[in-house]
Amino acid sequence: MGFLEEAERIRIHVDQALERLGFTGRARVEEPPIPELGDLATPVAFDLARKHGLNPVEAADRIISSLEASKMEVLKHVENVNGFINFRFDPVKYSVKVLNEALSKRGDYGKFPVASRKILIEHTNSNPNKALHVGTLRNAVIGDVLARLLRFLGHEVIVVNYIDDSGSQVADNILAHYFMKTPLEPPEGTRFDEYSGRVYAEYSEKIEKDEELRRMRSEIIRKIEEGGNEVADFARLFSEKVVECQLETAWGFRIFYDLLNWETDVLRSGIFEWAVNELKSRGEAYLEEEGENKGCLMIRLRDVEEFSRLKAPDEVLVRSDGTATYVGKDIAYAAWKLGLTPRRFRVKKWFKQPNGRTLLTTHWDGEEYDYHGADLAITVVDKRQEYPQKVVEHALRKLGAPPEKKYLPYLYEVVALSGETASELTGVEELRERRMVHMSGRKGIVFNANDLFKTVFQKVYEETLRRNPSKDEEWVRSVSTHLSVASIRYSLFKTDKNNIIVFDVKDATRLEGDTAPYLQYTYARACRILEKASVDVNSLTEASFNTPEELSLVRQIGKFSWVLNMASETLALNIIAVYMRHLADMFNSFYEKCPVITGEGPRMDRLALVKAFTITMGNAFEITGIEKLNEV
RNA sequence: GGGCCCGUGGCCAAGCCAGGAUAAAGGCGUCGGCCUUCGGAGCCGGAGAACCUGGGUUCAAAUCCCAGCGGGCCCGCCA
């Protein structure tokens, strides 16, 4: 029984005590600010005092005397401190319970009972005309950690990546290659995705300035949407080449998918047509007959409270040239996610991924895909898309999404570059003075994920080699790769999703302090102790912990499920990072002060503590996609 | 014009949604210690904070409410 269970148990006891005293209510149970005050506390006496005009200190006394403390197993002491009711566990009993639970549950330690839900997570969503950059990587890492967390807790999770192959970005590249004969072969030594990003940056500007080119682009989009023609086939092959590169990058970062949903297939499957017709027949979509948007199919938002204050609330679903907008397609796609549409995607197997899972892709000559919708559809998108996502949510309600089915845009802030990094990347000296510089594909201010990996890897490799001169090259490279990937992943989910990450190369190549390599190093240290002890421990009947280092570490291990519970309720991933770091900090303090292997052999209770630590940290690593290394 | 987010030591940042304990984590940087016992990517200690400002609610506000200020973003027949 860990902290989560004990907190719940104490809450129930307090509630029962309240009831016996003739009060109703639910006690809040929290952690005291400092361990000296106890393991758990409730300020419920203050709530009663306010409600019933009592003195909080006296109320606390009455509650304590009504508590059936003897029935509370691991509890050692209850006291009233200025109205706070503080509970203290018997440290030995609690330690034995926590460690035994970890040692017996192992890979399942941290799980708690949940009602399993069907969850769909969409992430990455990079246009198929450029390489993944640190911004899309934040998106992908967040999505990947969400998927790992929710799977760990027992939910049925499917991970999808939306390939926007029918928008104007890809059309710009098709115009450049197919009609303007820009070579399709990248220059020697350049990846295809990076090359296409450069071609896009060059041509999008030209096209924007030239009416004839804009007309051609519109025709290209129309042809791509229509399908069954040479341009559309060319576009699909082009996009597939880019997506293959993007997948390779993602896989390198241990990010995997179940299904790629191509935007053109939202159209060809009839899902888009279904959504538009449904909105029309429900009176939510109409053809604009005058003004700026003449000839467009619009969704009616002007009467909706949350959109009513906008200058022009209604949104375009289908352009006057007959092509679909992003919002229009996204509404249809979202309806599919929740199983609202009777139309199906056709899919086929595309790759066997390095993690062993098959990757499906939608394709016109595939087989009908049997998916009847998620209970919860999470879309990981950056904050700039909050407004269109609101439109999607509104449209889903109008399409009859039942209240128990949830569409959740998971909004996170973007990654910007520090002035220094932007300056070094572009060679533009003026940028150096800026606190941050937003990335821009068109301006060529982009830090690509592969370049980031290379930069971090170089630093990690040197460091690993220096510390392990006797290890062979293959080992050093493998360990360096894992450390680099973990370091980058950790840096992208440890920050609150509402905060902009100002990416800086100096900071990214740091391997000390609040970094994944620190966590992995700590884990490896623990593994060495287990190895050197040369005895295993799988359960414990007694312990003689008496140092603050031992007890803090036990408490932190016991809090694992409590943290995961909070993470699953709030979907805040940074709290898992904070937890892991505290866990590592506590282990390292313990390591300094409490020898495990002594002259008389290993102390079994401490050995059990070390093993419980590796189990807990190991499970946290699984959830966050950090490789468990026994040696670094 | 409307809307969203952020503002905590020199820098980054946890805590804020579910208000509590006159001790507000941690990291970087800085100053000083620790490698003859399990790995120094570590540990121990020091200095460093008007929790943006002003009101309000409350027994209690970094946390909730209101008004400002500063920074970022969104409101396109782009995505």
Side-chain angles (χ1 to χ4, degrees), chain A residues 28 30 32-34 36-37 41 43 46 49-50 55-56 81-84 86 125 127 164 167-169 204 208 218 263 288 292-298 306-313 315-321 323 325-327 329-330 381-388 390 411 413-414 416 435-436 438 460 463-464 467 483 494-496 498-502 504 506-507 510-515 517-522 524-533 566 569-570 572 574-575 577-578 581-582 584-585 588-589 591-599 602 606 610 631-632:
Chain A
R28 291 177 286 149
E30 56 200 33
I34 47 166
E36 285 69 26
L37 289 166
F46 292 95
R50 169 165 33 189
N55 176 311
V81 180
N82 303 324
F84 289 93
N86 294 341
N125 301 357
N127 280 315
D164 180 5
S168 63
Q169 290 204 15
S204 66
E208 241 13 272
S218 149
E263 197 169 63
E288 181 61 80
E292 271 193 332
N293 296 325
K294 186 176 176 186
C296 295
L297 185 76
M298 312 289 292
E306 60 179 326
F307 303 108
S308 59
R309 278 185 298 267
L310 293 167
K311 276 178 279 183
E315 280 281 317
V316 176
L317 301 178
V318 180
R319 302 183 188 106
S320 56
D321 66 2
T323 60
T325 62
Y326 162 76
V327 179
K329 289 176 280 199
D330 209 34
V381 280
D382 81 53
K383 273 209 159 141
R384 293 171 302 192
Q385 296 199 45
E386 183 164 13
Y387 169 69
K390 277 191 170 152
L411 300 164
E413 265 293 1
V414 296
R435 194 178 75 82
M436 66 168 159
H438 282 289
V460 173
E463 191 65 17
T464 307
R467 290 158 184 274
L483 289 169
K494 76 168 182 176
T495 302
D496 187 293
N498 291 321
N499 291 344
I500 293 180
I501 292 179
V502 180
D504 184 83
K506 267 203 319 289
D507 193 52
R510 225 187 58 234
L511 307 174
E512 295 151 14
D514 188 12
T515 65
Y518 163 65
L519 302 179
Q520 288 166 302
Y521 167 77
T522 304
R525 269 183 146 181
C527 289
R528 307 304 289 168
I529 295 177
L530 296 182
E531 194 185 295
K532 289 210 164 136
M566 197 182 295
E569 277 177 12
T570 60
N574 65 317
I575 64 178
V578 171
R581 217 203 45 249
H582 284 159
D585 291 345
N588 282 317
S589 298
Y591 181 92
E592 294 292 328
K593 296 274 166 55
C594 309
V596 178
I597 300 163
T598 60
R606 285 182 176 170
V610 174
E631 290 178 82
V632 293

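The basis for the numbers below is simple: all heavy atoms, side chains too, and nothing from hydrogens, waters or symmetry mates. Letters A, B, ... mirror the listed sequences (proteins, then strands); counts begin at 1. All figures in this text were calculated on a predicted structure; none of them were measured in a lab.
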**Prompt:** Taking atom C1' in both B:G2 and B:C11, what distance in whole Å separates the two?
**Reply:** 35 Å
**Prompt:** Can a donor-acceptor pair under 3.5 Å be found between the side-chain atoms of A:S320 and the base atoms of B:C77?
**Reply:** yes
**Request:** For nucleotides B:A25 and B:A18, find the distance between their P atoms and express it as a whole number of Å.
**Result:** 24 Å
**Message:** Tell me which nucleotide, if any, is Watson-Crick or G-U wobble paired with B:C43 when both distances must be under 3.5 Å.
**Reply:** B:G33
**Prompt:** Distance from A:N125 atom CG to A:E263 atom CD, nearest 0.5 Å?
**Reply:** 10.0 Å
**Fill in**
Rounding to 0.5 Å, atoms OG (A:S308) and CD (A:E306) come to a distance of 9.0 Å
**Request:** Check the chi torsion on B:C35 and let me know: syn if it falls within 90° of 0, anti if not.
**Result:** syn
**Request:** Assign A:I500 to base, sugar-phosphate, or nothing according to its heavy-atom contacts below 4.0 angstrom with the strands shown.
**Result:** sugar-phosphate
**Message:** Suppose we define a pair by two distances each less than 3.5 Å, Watson-Crick or G-U wobble; what does B:G20 pair with here?
**Reply:** B:C59
**Asked** Distance between the P atoms of B:C75 and B:C31, in whole angstroms?
**Response** 48 Å
**Item:** Any A:Y521 side-chain N or O less than 4.0 Å from OP1/OP2 of B:C43
**Value:** no
**Fill in**
Ranking A:I575 and A:E386 by the position along RNA chain B of their nearest nucleotide, the one closer to 5' is A:E386
**Asked** Side chains of A:F84 and A:L37: does their closest heavy-atom pair fall under 4.5 Å?
**Response** no
**Message:** Distance check, C1' atoms only: B:G54 and B:G29, in whole angstrom units.
**Reply:** 34 Å
**Item:** Rounded distance (nearest 0.5 Å) linking atom CG of A:L511 with atom OG1 of A:T464
**Value:** 8.0 Å
**Prompt:** With a 3.5 Å cut-off and just heavy-atom distances, do the side chain of A:D514 and the base of B:A13 make a donor-acceptor pair?
**Reply:** no
**Integer angstrom distance from the P of B:A47 to that of B:G26** = 13 Å
**Request:** Please check the phosphate of B:G39 (OP1 and OP2 only) for any side-chain N or O of A:K532 closer than 4.0 Å.
**Result:** yes
**Message:** Let me confirm one number: the OG1-CG distance from A:T325 to A:D330, rounded to the nearest 0.5 Å.
**Reply:** 9.5 Å
**Prompt:** Using a cut-off of less than 4.0 Å, is there contact between a side-chain N or O of A:N588 and OP1 or OP2 of B:G39?
**Reply:** no
**Sugar-phosphate only, base, or nothing, as touched by A:E306 at under 4.0 Å among non-hydrogen atoms** = nothing
**Prompt:** In the strands shown, is B:C73 matched to any nucleotide by a Watson-Crick or G-U wobble pair with both distances under 3.5 Å, and which?
**Reply:** B:G3
**Message:** Strictly below 4.0 Å: does A:R309 bring a side-chain N or O up to OP1 or OP2 of B:C4?
**Reply:** no
**Item:** N/O (side chain, A:R525) to phosphate O (OP1/OP2, B:G40) under 4.0 Å
**Value:** yes
**Request:** Side-chain contact test, heavy atoms from C-beta onward, threshold under 4.5 Å: evaluate it for A:V596 versus A:K532 and give yes or no.
**Result:** no
**Message:** Taking 4.0 Å as the cut-off, does a side-chain nitrogen or oxygen of A:H438 come that near to OP1 or OP2 on B:C73?
**Reply:** yes
**Minimum-distance nucleotide (side-chain atoms of A:R319 versus B:C5, B:A21, B:C77)** = B:C77
**Request:** May I ask you to say what A:Q169 touches in the nucleic acid, namely base, sugar-phosphate or nothing, with a heavy-atom cut-off under 4.0 Å?
**Result:** nothing
**Request:** Find the partner of B:G10: check Watson-Crick (N1-N3 plus N6-O4 or O6-N4) and G-U wobble (N1-O2, O6-N3) distances, both under 3.5 Å, and reply none if neither fits.
**Result:** B:C28
**Counter-base of B:G54, judged by Watson-Crick or G-U geometry with both distances under 3.5 Å** = B:C66
**Message:** Base, sugar-phosphate or nothing for A:A41? Non-hydrogen atoms, less than 4.0 Å.
**Reply:** base
**Item:** Distance, nearest 0.5 Å, that separates CG of A:N574 from CG of A:D496
**Value:** 5.0 Å
**Request:** Considering only atom P, compute the distance from B:C28 to B:C73 and round it to an integer number of Å.
**Result:** 31 Å
**Asked** Using atom C1' of each nucleotide, how far apart are B:G27 and B:C38 to the nearest Å?
**Response** 27 Å
**Asked** Looking only at side-chain N and O atoms, does A:N574 come under 4.0 Å of OP1 or OP2 in B:G15?
**Response** yes
**Asked** Taking for each residue the nucleotide of RNA chain B bearing the nearest heavy atom, is the 5' side occupied by A:A524 or by A:E208?
**Response** A:A524
**Asked** Under a 3.5 Å cut-off for both distances, is B:C78 Watson-Crick or wobble paired, and to whom?
**Response** none
**Prompt:** Does OP1 or OP2 of B:C38 have a side-chain N or O of A:T598 closer than 4.0 Å?
**Reply:** no
**Request:** For B:G42 versus B:C35, give the span between their C1' atoms, rounded off to a whole number of Å.
**Result:** 10 Å
**Per-pair stack call A:F84 and B:A21, 5.5 Å, 30°** = yes
**Request:** Kindly point out which of B:C5, B:A25, B:C43 is positioned nearest to the side chain of A:V578?
**Result:** B:A25
**Prompt:** Hey, are the side chains of A:S204 and A:Q169 touching, using non-hydrogen atoms and a 4.5 Å cut-off?
**Reply:** no
